[in-house]
K.L.:
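Sending over a structure as structure tokens; questions will come in a sec.
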Amino acid sequence: MADYPSSIPAPIDATQTPEWQALREHLDKLRASGFSLKQQFANDPQRVRKLSFDLPDLHFDLSKNLVTDETVRLLAALGRAVHLEERRDLMFSGAHINTTEDRAVLHSALRRPADECGQLIVDGQDCVADVHEVLGRMYAFADRVRSGSWRGVSGKRIETVLSIGIGGSDLGPVMAYEALKPYADAGIAVRYVSNIDPNDMAEKTRDLDPETTLVIIVSKTFTTLETMTNAREARAWLLGALKERGAIDDTDASAAAAIKSHFVAVSTNLELVSDFGIDPENAFGFWSWVGGRYSVDAAVGLSLVIALGPQVFEDFLSGFHDVDTYFATTPLERNVVALMGLINVWYVNFLKSPTHAVLPYDQHLHRFPAYLQQLTMESNGKSTRWDGTPATTETGEVFWGEAGTNGQHAFYQLIHQGRMVPADFIAFANTPNPAKDGAQDVHELFLGNFLAQTKALAFGKTADEVRAEGTAEWMVPARCFGGNRPTTSIFGVGLDAHALGELIALYEHITFVEGTVWGLDSYDQWGVELGKQLAKQITPAFHDDEALSAQDASTQALIAFYRKNRR
Ligand code: F6P
């Protein structure tokens, strides 16, 4: 592009490369040869071994994907053709690969050990030193809250953290808190408020004791409408409730003391934090080079450090870092992180499958699909490339899912006999809550379901097998399963902080790989801006006729309904 100002090389159009063309021809050949997973497994006894991979805590079986050795080779070649490795190295080195915001993309610096990797100077700043300075403050603060040496204004110890944030300032922490609840050992519970819907705040504060509550306001910008509205509401609730109990009086000094003891903030905008009345001592910063949806391992994870303790958070960071190192150093053909991203491209652009299910067979991961939706869809739901030119192929995947086995009784029908939906199954060999139903180990019952689903999806059930069960002929088609439904199995030892860090870093880098092939800046989010602007223009129209008349006919009619029916 003539006026593309960045020193970051413009994206390579993957669709115009010989490697893309080779993948097209390869797909035609697979189709013509009647590719089936059953046949692939029969023909190649080494298939599982060749398509198995390991990270420190996670084992991967990619053998039930619709790929051959040749597909893997061609996908790795496509990665090289779009300079995936060079772009990865640019990202890790702090180059401004977020071109539309002219920013570095350095979530990997959040988990670099201070001693191992040395300095990382980016834009004149030693990122790793800064990260560790904030981590040290977070750990010291969390230790005070956890030990009870930090007290509320009336002298009581903190029992509940109310974390206020939205999007990346909420989804990561709430997902990780749910995932690691068995490790919450200090008797401190966390509640997360995100929605601007007053119901959210009302339900989360209804039975809350203000004297034992610590509020964390988490916002990268400290300007987000939802978070700032909820933060003001929380301040009013806390001060009002403390006054009602006689824990503070009506003076400004009393209110300031209460805020000092009950409010802390996490933000890149420390000036606005201080304007809100929060003591700079109680503010934990991060940096513009951390995207909101990539920030759970920054100070955004403060609620986790309080609930789980600094050591668990260190394990979490080390899980991320192990995957960063692996991703940065493993050749593409054996790099499961890169391959999972490239195989997703195979499904989206070649097999035309626009959605991707993530199915955790672990109740503690029940918020993981929601977290991944922001990570992947806010990152790659775009049609313009990082140099301002239009995307040249389909981009983005609709990520969705639900914890197993609940999903089995809801939408699996469609995955088995309806559309093709590539799916990642995630399970763990160990549970923190073993249980028996008579002689039956319930966790094994659960794992049996995970394995049964991936087997049924891959290998299906033929008409002859259905007939052999004595099914009436006209019913046979309805009871057949076509198989060839692709899945990846991620089997971990146990869901602890290290494994969770690995899992998150895995999907962060999968998102990067897909974005690189499509030529996207996966680190901006301009698509959320228009709605924010319009909400500001429309809200006055509930009461103001002039603002109402400026709206389109549909919006006017909906507001008329509201005006007529509000009580
Ligand atoms: O509206 C989208 C978004 O900008 C996300 O990218 C971000 O995670 C979220 O809003 C919250 O932003 P902040 O942390 O600045 O409050």
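Both ligands and their constituent atoms are indexed starting at 1 by order of listing. Not measured: the values here are computed from a predicted model. Values below: all heavy atoms of this structure, side chains included; hydrogens, waters and symmetry mates excluded.
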K.L.:
Can a donor-acceptor pair be found, under 3.5 Å and without considering hydrogens, that links the side chain of Thr99 to the backbone of Trp386?
P.N.:
yes
K.L.:
Report, in ascending order of atom number, the atoms of ligand 1 lying under 4.0 Å from any heavy atom of Lys220.
P.N.:
13 (P), 14 (O), 15 (O), 16 (O)
K.L.:
Identify the protein heavy atom lying closest to atom 6 (O) of ligand 1, giving its residue, its atom name and the separation to 0.1 Å.
P.N.:
Glu378 OE1, 2.7 Å
K.L.:
Which one holds for Gln525 and ligand 1: side chain close, backbone close, both close, or neither close, with close meaning a heavy atom under 4.0 Å?
P.N.:
side chain
K.L.:
Check for me whether Arg566 meets the cation-pi criterion with Phe542, that is, NZ or CZ under 6.0 Å from the six-membered ring centre and within 45 degrees of the ring axis.
P.N.:
no
K.L.:
What are the atoms of ligand 1, with element, lying closer than 4.0 Å to any heavy atom of Val528?
P.N.:
1 (O), 2 (C)
K.L.:
Tell me which one of Phe92, Tyr294, Trp287 satisfies ring-ring contact (aromatic ring centres under 6.0 Å, His included) with His107.
P.N.:
Tyr294
K.L.:
Among Thr160, Leu162, Ile306, Leu238, which one satisfies side chain to side chain contact (heavy atoms under 4.5 Å, CB included) with Leu214?
P.N.:
Ile306
K.L.:
Tell me, which protein residue and heavy-atom name are nearest atom 12 (O) of ligand 1, and how many Å apart are they?
P.N.:
Thr224 OG1, 3.4 Å
K.L.:
Can you check whether Gly168 has an N/O within less than 3.5 Å of an N/O in ligand 1?
P.N.:
yes
K.L.:
Report yes or no: do Ser318 and His498 form a side-chain donor-acceptor pair below 3.5 Å?
P.N.:
yes
K.L.:
Under 4.0 angstrom from ligand 1, any heavy atom of Lys532?
P.N.:
yes
K.L.:
Check if Glu226 has a non-hydrogen atom at a distance under 4.0 Å from any atom of ligand 1.
P.N.:
no
K.L.:
Considering only the protein, which heavy-atom contact is closest to atom 11 (C) of ligand 1, and what is its distance?
P.N.:
Ile166 O, 3.2 Å
K.L.:
Where does Thr221 meet ligand 1, judged by heavy-atom distances below 4.0 Å: at the side chain, the backbone, both, or neither?
P.N.:
both
K.L.:
Under 3.5 Å, is there a donor-acceptor pair linking the side chains of Asp387 and Thr389?
P.N.:
yes
K.L.:
Using the rule ring-ring contact (aromatic ring centres under 6.0 Å, His included), only one of Tyr371, Phe368, Phe512 pairs with Tyr507; which is it?
P.N.:
Phe368
